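Everything numeric here is computed off the predicted structure, so don't read it as measured data. Chain A is the first sequence line, chain B the second, and so forth, proteins listed ahead of strands; every chain is numbered from 1. Below, all heavy atoms of this structure are taken into account, side chains as well, without hydrogens, waters or symmetry copies.
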2 protein chains.
Amino acid sequence: MEDLSQIARKLSACGLRPSAPRKALLAHLQACGTHPTPYELLDAFKAQGRPISIATLYQNLQVLSEAGLIRKFVDSEGTSRYDANLGVHHHLHCTSCGRILDIEVPEALLGSLSALGQAEGWQVSKVQLDLDGLCNQCQGQETLESA
Amino acid sequence: MEDLSQIARKLSACGLRPSAPRKALLAHLQACGTHPTPYELLDAFKAQGRPISIATLYQNLQVLSEAGLIRKFVDSEGTSRYDANLGVHHHLHCTSCGRILDIEVPEALLGSLSALGQAEGWQVSKVQLDLDGLCNQCQGQETLESA
DNA sequence: ATCATTGCAAACTGTTTGCATCAAG
DNA sequence: CTTGATGCAAACAGTTTGCAATGAT
């Protein structure tokens, strides 16, 4: 958990002015633990009473991504999502409630996967892995519904 | 390789009228060996001198997907793509030329991946795996460019 | 003849851009 | 004061929908 002055310093260190929307964006993404879509972010800031414009939001999502402070990805439904977890990780995606959980995949497994590409003569730079399924909560709900 | 009457029979078997656009779509996807986007399909039919309207295209992509004759997926850039390969398979995606190659992942590996989700209490229904990198051709080009 | 399918045009969603205003250094 | 950031509005890309004309059974 970082306070706002640390966030501001991080932005400055990347040559970015620590404007209010940028600090809010980075702080929110680092704290929320989820993988929000642009519109979820928009709503979150509006709900906090500090709305930002959609143009500013998209501009900054791009700027922060380019600076390497956050990361963009596209989920299996094609929805853009943003993530402040910069480490190598992958996703568990609940097809019922939409929740996304970060998981770590053992090095050895990642190596075996890259090897599949190398076997075809490709130079693999990134292993994108998403496990779609039902989270523990939604499994329970399915049971209730079908009862 | 299937001829058009076989394609027509397949459509009828699913309760779909074998209209010209449907036959063309299914035949093309089965034959092309790539994973076209809607606009690539549109252009392909236009180039063949049998253009179809974009509304018809989207309607039929959905209808054929629902019938299980083709499958939709979203690549790591968020672009919709369609695939007539219905078996379990995964993708090698060239970040330079955009080419996508189907690969098979050994059962054992898929099992290990699903197990990661199960360890978190999730019920994994689908392992979505994309290996991003450079295909053999584009590796060569990178070398030339940087020379 | 009936009912599904086509295709135009208009609507919509998510995203980007131009530009005048505003704020940080 | 200078330069970069904001935010409105307009433009865009991809996709969906309403509806009259068309085509398959």
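In the hydrophobic cluster analysis, where Ile, Leu, Val, Met, Phe, Trp and Tyr join through side-chain heavy atoms closer than 4.5 angstrom, Val88(A) is grouped apart from Ile100(A). Both Tyr39(B) and Ile52(B) are assigned to one and the same hydrophobic cluster, defined by single-linkage of ILVMFWY side chains at heavy-atom distances under 4.5 Å.
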query = Can you give one letter per nucleotide of nucleotides 8-20 of chain D, 5' to 3': B if a protein heavy atom sits under 4.0 Å from the base, S if only from the sugar-phosphate, - if neither?
reply = BB----SBBB---
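Whole-Å rounding puts the Arg81(A) CZ to dT15(C) C1' distance at 16 Å. Here dA5(D) presents its P atom at 12 Å from CD of Glu66(A), a figure rounded to the nearest Å. When the P atom of dT5(C) is taken as reference, atom CG of Leu26(B) falls 15 Å away, rounded to whole Å. Residue Leu57(A) contributes atom CG, which lies 17 Å from atom P of dT13(C) at whole-angstrom precision. To the nearest angstrom, C1' of dC22(C) lies 16 Å from CD1 of Ile52(A). In this structure, Leu11(A) places its CG atom 11 Å from P of dA5(D), rounding to the nearest Å. Distance, Leu61(B) CG to dG7(C) P: 14 Å, rounded to whole Å. Taking atom CZ on Arg22(A) and atom P on dG25(C), their separation rounds to 11 Å, with Å as the unit.
Applying the side-chain contact (heavy atoms from CB on, under 4.5 Å) rule to Ala67(B) yields the partners Cys14(B), Leu16(B), Leu69(B); only residues at least two apart in sequence or on another chain are considered. Residues passing the ring pair (Phe, Tyr, Trp, His ring centres under 6.0 Å) test with His28(B) are Phe45(B), sequence neighbours excluded. Every side-chain contact (heavy atoms from CB on, under 4.5 Å) that Arg50(A) has, sequence neighbours left out, goes to Gln48(A). Annotation: side-chain contact (heavy atoms from CB on, under 4.5 Å) contacts of Gln62(A) (sequence neighbours excluded): Glu66(A). Annotation: side-chain contact (heavy atoms from CB on, under 4.5 Å) contacts of Asp102(B) (sequence neighbours excluded): His35(B), Asp83(B), Asn85(B), His89(B), His91(B). Residues passing the salt bridge (charged side-chain N to carboxylate O under 4.0 Å, His left out) test with Asp75(B) are Arg81(B), sequence neighbours excluded.
In the helix from dA1(C)-dT25(D) to dG25(C)-dC1(D), the terminal helix axes, each the rotation mapping four pairs' C1' atoms onto the next four within five end pairs, subtend 30°, rounded to 10°.
The salt bridge (charged side-chain N to carboxylate O under 4.0 Å, His left out) analysis of residues 7-35 of chain A, with sequence neighbours excluded, yields the pairs Glu2(A)-Lys10(A). For residues 123-138 of chain B, no pair satisfies salt bridge (charged side-chain N to carboxylate O under 4.0 Å, His left out), with sequence neighbours left out.
For DNA chain D, the residues of residues 13-21 of chain A within the heavy-atom distance limit of 4.0 Å (strictly under) are Arg17(A), Ser19(A), Pro21(A), sorted by number.
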Expected list for residues 108-119 of chain B: side-chain donor-acceptor pairs under 3.5 angstrom, two or more places apart:
residue: Ser112(B); atom: OG; partner: Ala108(B); partner atom: O; Å: 3.0
residue: Ser114(B); atom: OG; partner: Leu110(B); partner atom: O; Å: 3.3

